[in-house]
Participant: 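Quick one: the structure is below, and I'll ask about it shortly.
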Amino acid sequence: MVWKTAPSCILQGTGCPYCNTGSFKPDKPGIVYHVSLIYEDTVYYKVGITNNSVKERFKADWKRLNMRLIWELKFDVGKDAKTLETQLLAS
């Protein structure tokens with residue numbers, strides 16, 4: 001399986017989004033986000049979903065990785081956020 005990710009995510013144990021049984025709840029409100037981060041002097045970009053605020057999602061790394069929110073879209077139903085994330089990651 002091929003997917004787009006950032007090295008810092010892999011180092012934190014984040015794996016394949018199709019196999020991930022993470023804590024995202026599709027029946028709760030969700031956010032699709034696009035962030036940038038700096039890891040070892042290289043800028044990376046990440047698209048993902050969360051039920052929390054984006055800063056809360058990355059609270060341990062927000063300042064350490066000099067993260068910036070590029071954009072976010074909020075959905076009343078997380079399932080719709082997941083659908084958009086899947087479409088964005090497939091393109």
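Scope of the values below: all heavy atoms of this structure, side chains included, with no hydrogens, waters or symmetry mates. In this text, all values refer to a predicted model and were calculated from it rather than measured experimentally.
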Participant: With sequence neighbours excluded, tell me which residues meet side-chain contact (heavy atoms from CB on, under 4.5 Å) with Leu73.
Facilitator: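 Only Trp71, Phe75, Leu84 meet the side-chain contact (heavy atoms from CB on, under 4.5 Å) criterion with Leu73.
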
Participant: Does some side-chain heavy atom of Ile70 sit less than 4.5 Å from a side-chain heavy atom of Ser36?
Facilitator: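 Heavy-atom side-chain distance check passes, below 4.5 Å.
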
Participant: Does a salt bridge link Glu85 with Lys82, judged by any charged N lying under 4.0 Å from a carboxylate O?
Facilitator: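 A salt bridge links Glu85 with Lys82.
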
Participant: Counting N and O atoms only, with roles assigned by atom type, does the side chain of Asp27 sit under 3.5 Å from a partner on the main chain of Gly78, one being a donor and the other an acceptor?
Facilitator: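 The answer is no, because no donor-acceptor pair under 3.5 Å joins these two groups.
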
Participant: Does Thr83 have any side-chain contact (heavy atoms from CB on, under 4.5 Å) partners at least two apart in sequence or in another chain, and if so, which?
Facilitator: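 With neighbours one apart ignored, the set is Gln87.
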
Participant: What verdict does the side-chain contact (heavy atoms from CB on, under 4.5 Å) test give for Tyr44 and Met67, after you've listed the backbone C-alpha separation in whole Å, the side-chain angles of each residue and the deciding distance to 0.1 Å?
Facilitator: CA-CA 9 Å; Tyr44 295 92; Met67 295 183 77; over 6 Å; no

Participant: Once the angle between the rings of Tyr45 and His34 is folded into 0 to 90°, is it parallel (under 30°), tilted (30 to 60°) or perpendicular (over 60°)?
Facilitator: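 Tilted, since the angle between the ring planes falls between 30° and 60°.
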
Participant: Roughly how far apart are Lys28 NZ and Asn51 CG, rounded to 0.5 Å?
Facilitator: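 Between Lys28 NZ and Asn51 CG, I get 8.5 Å after rounding to 0.5 Å.
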
Participant: Measuring from atom CG of Leu37 to atom CZ of Arg64, what distance do you get when rounded to the nearest 0.5 angstrom?
Facilitator: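 CZ of Arg64 is found 9.0 Å from CG of Leu37.
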
Participant: Would you call Leu65 and Ile38 a side-chain contact if the rule is heavy atoms closer than 4.5 Å?
Facilitator: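 No. Closest side-chain heavy atoms not under 4.5 Å.
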
Participant: Which atom pair, heavy atoms only, marks the closest approach of Gly30 to Ala81?
Facilitator: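 Nearest pair, atom of Gly30 first, then Ala81: C-CB, 4.1 Å.
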
Participant: Please round to the nearest 0.5 Å and tell me the distance separating atom CZ of Arg57 and atom CD1 of Ile49.
Facilitator: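 Nearest 0.5 Å value for the CZ-CD1 distance: 9.5 Å.
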
Participant: Do the side chains of Trp62 and Val54 get nearer than 4.5 Å, heavy atoms only?
Facilitator: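 Touching, per the 4.5 Å side-chain cut-off.
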
Participant: Nearest 0.5 Å, what's the OH-CG distance between Tyr39 and Asn66?
Facilitator: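 It is 15.0 Å, given to the nearest 0.5 Å.
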
Participant: Taking the side chain as C-beta and beyond, is there a heavy-atom pair between Val32 and Leu88 under 4.5 Å?
Facilitator: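 Side-chain contact under 4.5 Å: yes.
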
Participant: A quick test of your reading: do over 12 heavy atoms of other residues, nucleotides or ligands sit less than 6.0 Å from CG of Asp76?
Facilitator: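 No - once you tally the heavy atoms of other residues, nucleotides and ligands closer than 6.0 Å, there are 12 at most.
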
Participant: Any side-chain heavy atom of Val47 within less than 4.5 Å of one from Tyr33?
Facilitator: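 A side-chain contact is absent here, since even the closest heavy-atom pair is not under 4.5 Å.
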
